[in-house]
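Quick note on labels: first sequence line is chain A, next is B, and so on, each numbered from 1.
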Amino acid sequence: MSAREAAARVRPDVIPEPSLVARLLNSRNFLGFIFMLPLAILLLVFLTYPLGLGVWLAMTNQRIGGEGFFIGLANFEFLVRDDVFRLSVFNTVLYTVIASVFKFGLGLWLALVLNERVPFKALIRAVVLLPWIIPTVLSAIAFWWIYDSQFSIISWSLVKLGLIDEYIDFLGRPNWARASVIIANIWRGIPFVAISLLAGLQTISPTLYEAAVLDGASPWQKFRYVTFPQLTPIIAVVMTFSVIFTFTDFQLIYVLTRGGPVNSTHLMATLAFQRAIPGGSLGEGAAIASAMIPILAAAILISFFGLQKRKWQSE
Amino acid sequence: MASVEIRNVFKAFGSTEVLHGVSVDIQNEEFVVLVGPSGCGKSTLLRMIAGLEEITKGDILIGGRQVNNLPPKDRDVAMVFQNYALYPHMTVFDNMAFSLKLAKAPKAEIQERVQRAAEILNLSDYLERYPRQLSGGQRQRVAMGRAIVRDPLVFLFDEPLSNLDAKLRVQMRAEIKALHHKLRTTVVYVTHDQVEAMTMADRIVVMHDGIVEQVGDPITLFDTPDNLFVAGFIGSPAMNLIPGRIGRRDGRVWVEARAGVRLPLRPNAPGQQGQEVVYGVRPKSFQIAPSPGDDTVDMTVGVVEPTGDEIEVIAKVAGEQVCAVFTDRLALKPEQTVAVRPQLDSVHLFDAGSGKRLVA
Ligand SMILES: Nc1ncnc2c1ncn2[C@@H]1O[C@H](COP(=O)(O)OP(=O)(O)OP(=O)(O)O)[C@@H](O)[C@H]1O
Ligand SMILES: [Mg+2]
């Protein structure tokens, strides 16, 4: 027993001054900092560094195997006047908006259906998840067959049904190609939206619906006034992720069209890759990729405000 | 305002039948409590009145109209759920106004009716709050407010007080009763708490395993329980039930319990010599006798629990555990044997086989 502890024993009103280490170990802020440090370092090394490097590359004229110099915003100035880049921005926005709207609509509808009493529920839920579990490349190849100009099952069926005379060249004409890749993306993205929203639906207490029924609500009114308002927080999360995934999509396009025909399905991600790796212009590719950052940041900001606690939500 | 008639109603979930022919007549403006142990089918019956469960067999009539196939919203009943089921994303005002808004009532009328309900329930200061910002008792009141605003034919309550603490429960009990007095709407109230049933009901329906054991006003159920189940269920502490056989000799009647102990009966008591019966006596129907006699029985004291204004004694009579409550401040000690005199007028006899009350 130290002298001070002894003193404290004798006169209990004297609280002994704790040592610096003891105080630090009792400080929430200090402990929080210490516990976060390992993760912070990991994030710094594996996230911030590549991001920083990418942004730096975007401001050089680095080529593969060559030397690069800092050229400021010259890459961006060039891109602003580059028709292909501008087309890719248009494509990306179109792709994201249309695909996200359909993914949301169909995903919500599927979630609502699966939340009802349906036979073979577990089986159906597993099936719904399939498009999401299969590797993208695999499903993209499957779609490639479906859209093939000679072997397309869609064209074959339509011809057999007598609805069309000639096979459709799905991936060979710009607007057909756009629609085709968007449909493939929607197919792949629905499970994530549906299953997440289903999880949200299942947190809503069934007695609320019974109360609403007694209050005189029709099925639509139940959805409009009970389900939807309570689902908004999870919708915000799910759609943020969905928009980010869609906006940065690469695999599907790369397998299906490689950006063709005549760049009509090039997204910013595929264009960045094409310019940087096959094209060798690392700096320019990095600039295209960097141009996605502000748009993504805006999307995240919007959803951040969308995600803020509504007044009715509990802490 | 309306009567509710339940006629020989059955309910089966898949192949399990949980209600086996229930009939109850509920008068207009009556406060009827359905009471029974957990799982006996009270909520199921209530939900069938509301239209939330289908009727497997039988009829339910509200205000003389058969409602078997009427959707819930057309039955004009309001329900208060055990967990309140308030819409978490709506303010108190919107919660109460929801049904009126759906019915497309004019704004001014909605405003007025909600305000009035809020005044009755002391909620006027909370109209802009969300449910999560309210205490349990306030939420309970909002749930009632939501029902009142609708001005329904029948109020249905499903254990509305079971999530509240004991003190608040007593307070809300009184408030609900006062509310019924004011609004005079027919009420069907479910609880498994017999004290709640006794204090609130005009009439009580005692249910057990999907059947109705007895229907009657609280005093009738307490004084003349029809069967062993009602006898043991109504009253707190519960009635003491001691098995034995009727003995008769020389104009005297008694029940012979285990070890030859004789439990006194009044001379005109029913039952034949040798009949197997259950002798029922309420804890408060014992009196201490100065000395043993023909009308007394020996009681061996076990635990003595003074509550202040009375003394609760857990004891043994004829080898059976019994509970006795005395209002006198007696100095009883454990292991002590005293002679007690059961009040013969309030002794109940039940047939041991059927459990039915024996009547003279
Ligand atoms: N949806 C259902 N499917 C199958 N069985 C059910 C269903 N709902 C209730 N039951 C069964 O019906 C019986 C009566 O249930 P009910 O909820 O009416 O009991 P209760 O009297 O309200 O009990 P408690 O006091 O515990 O609320 C129970 O045995 C229960 O298991
Ligand atoms: Mg219940």
Between the CG atom in B:N95 and the CZ atom in B:R129, the distance rounded to the nearest 0.5 Å is 14.5 Å
What one should report as the nearest heavy-atom pair of B:E54 and B:M48 is O-CE, 3.8 Å
Okay, A:Y209 and chain B: the region with an atom under 4.5 Å from a heavy atom over there is neither
Open item on the list: Does A:K222 qualify as a cation-pi partner of A:Y225, given the criterion of NZ or CZ under 6.0 Å from the six-membered ring centre and within 45 degrees of its axis?
Closed with: no
Applying a strict 4.5 Å limit to non-hydrogen atoms, the region of B:A50 in contact with chain A is both
Plane angle bin for B:Y189 and B:F157 - parallel if under 30°, tilted between 30 and 60°, otherwise perpendicular
tilted
Answer key: most heavy-atom pairs under 4.5 Å with chain B among A:G216, A:A211, A:P206 is A:A211
Bottom line for B:F98: the part with an atom under 4.5 Å from chain A's heavy atoms is side chain
Mind checking whether A:F241 and A:F192 have parallel, tilted or perpendicular rings, split at 30° and 60°? perpendicular
Can you confirm if the NZ or CZ of B:R141 lies within 45° of the ring axis of B:Y126 and under 6.0 Å from the centre of its six-membered ring? no
Turns out that what part of B:D76 lies under 4.5 Å from chain A's heavy atoms comes down to neither
The interface call for A:S205 against chain B, heavy-atom contacts under 4.5 Å, is side chain
Cut-off 4.5 Å, heavy atoms of chain A, and the answer for B:L86 is backbone
